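Report on one structure; see the data block that follows.
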There are 2 protein chains.
Amino acid sequence: MTAADTLRSRGLRLTRPRRIILDVVRSTDTHPTAASVYRRVRRKLPRVSLATVHRNLRQLATQGLLVERSAADGMRFDGNTGVHDHFTCVACGRIYDVPARPRSAVRRRMASSTAFEVFDYRMEFYGRCGACRRRRTRSPLTRHQRRTYGRQEP
Amino acid sequence: MTAADTLRSRGLRLTRPRRIILDVVRSTDTHPTAASVYRRVRRKLPRVSLATVHRNLRQLATQGLLVERSAADGMRFDGNTGVHDHFTCVACGRIYDVPARPRSAVRRRMASSTAFEVFDYRMEFYGRCGACRRRRTRSPLTRHQRRTYGRQEP
DNA sequence: TGGTTATTGGTAATCATTATCAATTAGACT
DNA sequence: AGTCTAATTGATAATGATTACCAATAACCA
C-alpha cells in the first residue's frame with residue numbers, strides 16, 4: 001500500500017506540497033525540525049507556507065506515514081517508521097539511528113514486576129560519535145545539548 | 001553538601017524564591033511543568049514572577065540540583081536526580097518513576113558494536129498504569145499523548 | 001552595618017506552533 | 001474533458017511557552 005493509497009483510503013488528498021513534504025522527511029536521516037523541513041521544501045516549492053508544513057507534518061504523523069518525536073529544541077520528524085533507537089552526540093548534536101535491541105524481554109520483565117502494561121518503550125543514548133571522538137572535540141555543551149542530555153556531568 | 005552550600009560555593013545565592021522553587025520540585029514526583037511549579041510556588045509566595053520560576057528552574061538544573069527533561073508538552077522538571085527511568089501512561093498521561101535496570105551491560109555492548117561512546121542512556125516506557133487498567137479506560141489519546149507516544153497503533 | 005552584585009518582579013520580545021478564513025485544487029462522478 | 005464538493009492551501013493573526021531586559025531589591029561577605 002503506497003502512501004498515496006493510504007491517504008486516499010482515509011479521504012485525504014495527496015497534494016503537491018504534501019507529497020514533497022513527505023519526500024523530504026523520508027529522504028533524510030537527520031531527524032529534521034519543522035523549520036528545517038520548511039527550508040528544504042521551499043527549494044522545490046518556493047511559495048509553500050510554513051503553516052502548510054506544520055499542518056502536514058502533523059497530519060502525516062497521525063496517519064503513521066512518519067513519526068513525530070519531541071526533542072529538547074522542539075518537535076523532530078523521522079521518516080523511518082520502523083522500530084529503532086537513537087543516539088545523540090552531545091558534542092555535535094547530531095542524532096543517529098541505531099538498531100533496536102529485542103523488545104520482548106524488557107516488556108515481559110516490566111509486566112511481571114509492576115502493574116504497568118507496556119505497549120512500547122524508547123531508548124535514547126547520549127555520548128560522543130566516532131567523528132567527534134577522533135576530533136577530540138571537547139566543546140562545552142550548548143543549552144540545547146544540556147537540555148537534551150539532562151544535566152552536565154561533573 | 002547541602003543545596004545552599006552547593007550554590008554558595010559557586011557564587012550563587014539561596015534566595016527565598018529559589019529555595020521555595022527547589023523545595024516544590026523536590027517534594028513532588030509528578031514531573032511538573034514550569035507552569036505547575038509556578039502555581040505551587042505562588043501558594044507560599046504570591047508575588048513571585050513567572051520569569052523567576054523559569055530562571056531558577058533553568059539555573060538549578062544547570063547546577064545539577066534538579067533535572068530538566070523535554071516532554072511532548074514542553075519541559076518538565078524532576079527533583080529526583082538519581083538514575084531512574086520513566087513510565088508514561090497513555091491513558092491518563094501520568095509519568096511514573098521506575099527503577100533503572102543495570103546500565104553497564106548496555107554500555108559495553110554499544111561500545112563494542114559501534115563507534116559511539118555512550119555516556120548514558122534513557123528508557124521511556126509507554127503503556128497503561130494499574131489504575132487505568134482496572135478502570136478499563138479506553139479514551140482516545142490526546143494530541144499530547146499521541147506525540148509522547150509517537151504515533152497511534154493501528 | 002555597609003557595600004557589592006546576584007537576583008527579583010514586571011513586562012516586552014522572541015520563537016514555535018496553532019487557528020482562522022477566503023481562495024484554490026484534488027479527486028470522484030458525469 | 002467538464003463539474004462539483006470538500007479537503008487543502010497561503011497568508012496572517014493568535015496563542016503559549018520561554019527568554020531578554022532593566023530598575024529596584026536583598027543575599028552574602030568583610
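Please read all numbers here as calculations on a predicted model, not as lab measurements.
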| task | Using only side-chain N and O atoms of B:Arg58, determine if any of them is under 4.0 Å from OP1 or OP2 of D:dT19. | result | yes
| field | Spacing between A:Leu45 atom CG and D:dT8 atom P, to the nearest angstrom | value | 16 Å
| Closest listed nucleotide, where the reference is the side chain of B:His54 and the choices are C:dT8, C:dT7, D:dT19 | D:dT19
| message | Is any side-chain heavy atom of B:Val41 closer than 4.5 Å to one of B:Pro17? | response | no
| said: Nearest whole Å is fine: how far is D:dA20 P from B:Leu50 CG? | reply: 14 Å
| request: Using a strict cut-off of less than 4.0 Å between a Lys/Arg side-chain nitrogen and an Asp/Glu carboxylate oxygen, indicate whether B:Arg69 and B:Glu124 qualify as a salt bridge. | output: yes
| task | Respond yes when some side-chain nitrogen or oxygen of B:Ser49 is under 4.0 Å from OP1 or OP2 of C:dT8, and no when none is. | result | no
| remark: Scoring nucleotides 22-30 of chain C by protein non-hydrogen atoms under 4.0 Å (B base, S sugar-phosphate only, - none) yields ---BBSS--
| field | Electrostatic pair B:Glu117-A:Arg128, nearest N-O below 4.0 angstrom | value | yes
| task | Report the distance from atom CG of B:Leu57 to atom C1' of D:dT19, rounded to the nearest whole Å. | result | 13 Å
| remark: residues 55-97 of chain B vs ring-ring contact (aromatic ring centres under 6.0 Å, His included), sequence neighbours excluded, gives A:Phe116-B:Phe87, A:Phe116-B:Tyr96, B:His31-B:His86, B:His84-B:His86
| query | Is any side-chain heavy atom of B:Leu12 closer than 4.5 Å to a side-chain heavy atom of B:Gln59? | reply | yes
| request: Please state whether the phosphate of C:dT8, meaning OP1 or OP2, lies under 4.0 angstrom from any side-chain nitrogen or oxygen of B:Arg47. | output: no
| field | Whole-Å gap separating P (D:dC28) and CZ (B:Arg10) | value | 16 Å
| query | Is a salt bridge present between B:Arg8 and B:Asp5, judged by a nitrogen-to-oxygen distance below 4.0 Å? | reply | yes
| request: Decide side-chain hydrogen bond (donor to acceptor under 3.5 Å, both in side chains) for B:Arg18 and B:Thr15; before the verdict, give the C-alpha distance in whole Å, the side-chain angles of both, and the deciding distance to 0.1 Å. | output: CA-CA 5 Å; B:Arg18 182 168 290 165; B:Thr15 63; 4.7 Å; no
| field | Rounded distance (Å) that lies between atom C1' of C:dT18 and atom CD of A:Gln59 | value | 14 Å
| query | So what does B:Ala35 hit on the nucleic acid, given a heavy-atom distance under 4.0 Å: a base, only sugar-phosphate, or nothing? | reply | nothing
| query | Got a second to check how far A:Thr6's OG1 is from A:Leu65's CG, nearest 0.5 Å? | reply | 5.5 Å
| query | Taking DNA chain D as the partner, which of residues 18-26 of chain A come within under 4.0 angstrom of it by heavy atom? | reply | A:Arg18
| said: Taking the nucleotide of DNA chain D with the nearest heavy atom to each, does B:Phe77 or B:Arg55 sit closer to the 5' end? | reply: B:Phe77
| field | Spacing of A:Gln63 atom CD and A:Ser9 atom OG [to the nearest 0.5 Å] | value | 8.0 Å
| task | Quick one: do A:Ile21 and A:Leu57 satisfy side-chain contact (heavy atoms from CB on, under 4.5 Å)? Show the steps, please. | result | CA-CA 8 Å; A:Ile21 289 164; A:Leu57 290 172; 3.8 Å; yes
| Which residue lies more 5' along DNA chain D, comparing A:Ala51 with A:Asn56 via nearest heavy atoms | A:Asn56
| B:Gly11 vs B:Val48, nearer the 5' end of DNA chain C by closest nucleotide | B:Gly11
| remark: Between CG of B:Asp5 and P of D:dC28 the distance, given in whole Å, is 11 Å
| said: Output the rounded distance in Å from OH (B:Tyr38) to C1' (D:dG16). | reply: 15 Å
